[in-house]
**Q** 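What follows is a single structure, and I will ask about it in a moment.
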2 protein chains.
Amino acid sequence: MRQTEWKLVRALPLFRNVKAANFKKLMSAAFLQRFPYGVTLIREGELPDFLHIVVDGSVEMYGTDDGHETTIDILQPVTTFILAAVIRDEVYLKSARTLTPAQILMIPATAVREVFGRDATFARAIVSELAMRYRDLVRALKDEKLRTGAQRLANWILRADASHGHRHSVELEFDKRVLASRLGMTPENLSRNLALLTNYGVKSSGRDIIIEDASALKRFAKPNALIDG
Amino acid sequence: MRQTEWKLVRALPLFRNVKAANFKKLMSAAFLQRFPYGVTLIREGELPDFLHIVVDGSVEMYGTDDGHETTIDILQPVTTFILAAVIRDEVYLKSARTLTPAQILMIPATAVREVFGRDATFARAIVSELAMRYRDLVRALKDEKLRTGAQRLANWILRADASHGHRHSVELEFDKRVLASRLGMTPENLSRNLALLTNYGVKSSGRDIIIEDASALKRFAKPNALIDG
DNA sequence: CTCTAAGCTTGATAATTATCAAACGACGGA
DNA sequence: TCCGTCGTTTGATAATTATCAAGCTTAGAG
């Protein structure tokens, strides 16, 4: 593992304040692996062996039922995933696959559990991380149950733009059908909803989305701090 | 606080293995309070002062947006709630109100955080509890995004029946409109979906739901271990 | 015992979303 | 440069869900 990646991981809230010896212990047991586009990293129903961390590239978490599939989250660097399954040592509820070529750091679940027991700072960081993820899911569920598709899209655009520094322009890093699934709609309806948002100052072409009238978009989206936080 | 409630709380996975001194510390700072039906216990957007535990009665967790409201969970004894907000010391994302007269134990957030730092067993239990709640939410989100209303209802009936010991009969402990909101549908559609399930061996009258043909219901519901767990 | 209010059901209609089919367009390989 | 593939868009239609408006049922008040 190179210096750069080591530093990236070390800087994560999850590891930032862990004692050097314990961090070293975690890292010495870990693997950093490269995967091409479209590789399934984990499959729902299997038992966890490693805590995963997206170091580079992006990863889609998705769930299936009766032949249907839905995207639950899209992870960008640097983010851990399947923490809850590792902690409880229970089967994955979600699958994961790469949306781009990606680098994934994998820390053996046993090492995570061991350091958790020894290092109170790490334990606290794990709880904090999990609690944050829990809250993200509450927001996602409220988004899904309380809003129409067009509203979810409008708010997603506003959030994505905010996370990129309010440049009034968002570039998708994955296919539109993935965004559609993340937003709980079909690709066809994403297309129609994007067309609808033209009326509220949103232009899109290919993978670029441009906000030409942020206040009109906001009036339509009605963002809510307790959902879009 | 009476012996009975003390024992109930002590038996929770969250407290079961905590050292006696630390449990006492938590409890000595706690309040056990009775509330009538329909009382709002917490409001989304406010900051948490107490970890709450439903000791008796039932409690609805719900979220709102733009005048709409949706039930996120219905809690039965004995369950903690708003753990994630307490841990992160951030505003509630959900509101809570009693669905019946209820007894609620409230432990000051500061005490929870303090004992967490001192008692590794408690820390581990908190993480485990949070991870379980996280997984419950993943299931709820998959349920909502991957299934139709009728399927959600069918699977809900199967789960409720299973949690009452497979008697092929479920009694609602709250109004149907609450169940409708929990299932992400209007009361009108819950009514229609219940009527539809008549074709699959489900009879309902008032607050009683009877499963007359479990295998027919299962064929329709297609329960999934990774959603209905 | 009757009345009333609240919750539930039913019907009609509208909005939203999904599905199926076909056409379009951008990109990479021959 | 042309072709084929794949993702996207557009159109038509069906399914699902929400909304609005009555009626119905039932439990509690008087």
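Proteins get letters first, then strands, A, B, ... in listed order; numbering begins at 1 in each.
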**Q** What I want to find out is whether B:Lys203 reaches B:Glu212 closely enough, with some N-O distance under 4.0 Å, to be called a salt bridge.
**A** yes
**Q** Nearest whole Å is fine: how far is D:dT26 C1' from B:Lys176 NZ?
**A** 12 Å
**Q** Strictly by salt bridge (Lys or Arg N to Asp or Glu O under 4.0 Å), give each pair with a member in residues 64-78 of chain B just once, sequence neighbours left out.
**A** A:Arg147-B:Asp65, A:Lys222-B:Asp66, B:Glu69-B:Arg97
**Q** Please report, rounded to the nearest Å, how far the P atom of C:dG7 is from the CZ atom of B:Phe174.
**A** 15 Å
**Q** In Å and rounded to the nearest 0.5 Å, what is the CG to CG distance from A:Leu194 to A:Asn189?
**A** 11.0 Å
**Q** May I have the distance from A:Leu183 (atom CG) to C:dT16 (atom P), rounded to whole angstrom?
**A** 17 Å
**Q** Just by protein heavy atoms under 4.0 Å, how would nucleotides 18-23 of chain C read 5' to 3' in B, S and -?
**A** BBB---
**Q** When you measure from the side chain of B:Glu44 to the backbone N and O of B:Thr64, does any donor-acceptor pair fall under 3.5 Å?
**A**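 Side chain of B:Glu44 to backbone of B:Thr64, a donor-acceptor pair under 3.5 Å: yes, one is there.
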**Q** Between A:Asp175 (CG) and C:dC27 (P), how many Å, whole number?
**A** 13 Å
**Q** Walk me through it: do A:Asp213 and A:Ser215 pass the test side-chain contact (heavy atoms from CB on, under 4.5 Å)?
**A** CA-CA 6 Å; A:Asp213 185 346; A:Ser215 69; 3.1 Å; yes
**Q** Given atom CD1 of A:Ile209 and atom P of D:dT8, what is their separation to the nearest angstrom?
**A** 11 Å
**Q** Please report the distance, rounded to the nearest Å, between CG in B:Leu179 and C1' in C:dG7.
**A**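 So the two atoms are 14 Å apart, to the nearest Å.
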**Q** What residues in residues 196-207 of chain A put a non-hydrogen atom under 4.0 Å from any atom of DNA chain D?
**A**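 Nothing qualifies; none.
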**Q** Between atom CG in B:Leu190 and atom P in C:dT10, what is the gap in whole Å?
**A** 12 Å
**Q** Please state whether the rings of A:Phe174 and A:Trp156 are parallel, tilted or perpendicular, taking 30° and 60° as the class boundaries.
**A**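 Judged by the thresholds at 30° and 60°, the geometry between A:Phe174 and A:Trp156 is perpendicular.
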**Q** Using salt bridge (charged side-chain N to carboxylate O under 4.0 Å, His left out), reason through B:Glu188 and B:Arg192 one step at a time and then give a plain yes or no.
**A** CA-CA 6 Å; B:Glu188 291 94 326; B:Arg192 282 185 258 265; 5.8 Å; no
**Q** Out of curiosity, A:Ile42 CD1 to A:Glu46 CD, how far, rounded to the nearest 0.5 Å?
**A**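 It comes to 8.5 Å.
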**Q** Take the protein atom CG of A:Leu146 and the nucleotide atom P of D:dT17, then report the distance between them rounded to whole Å.
**A**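 Distance, rounded to whole Å: 16 Å.
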**Q** Choosing from D:dG7, C:dT10, D:dT9, which nucleotide comes nearest the side chain of A:Ser191?
**A** D:dT9
**Q** Atom CG in B:Leu137, atom CD1 in B:Ile72: separation rounded to 0.5 Å?
**A** 8.0 Å
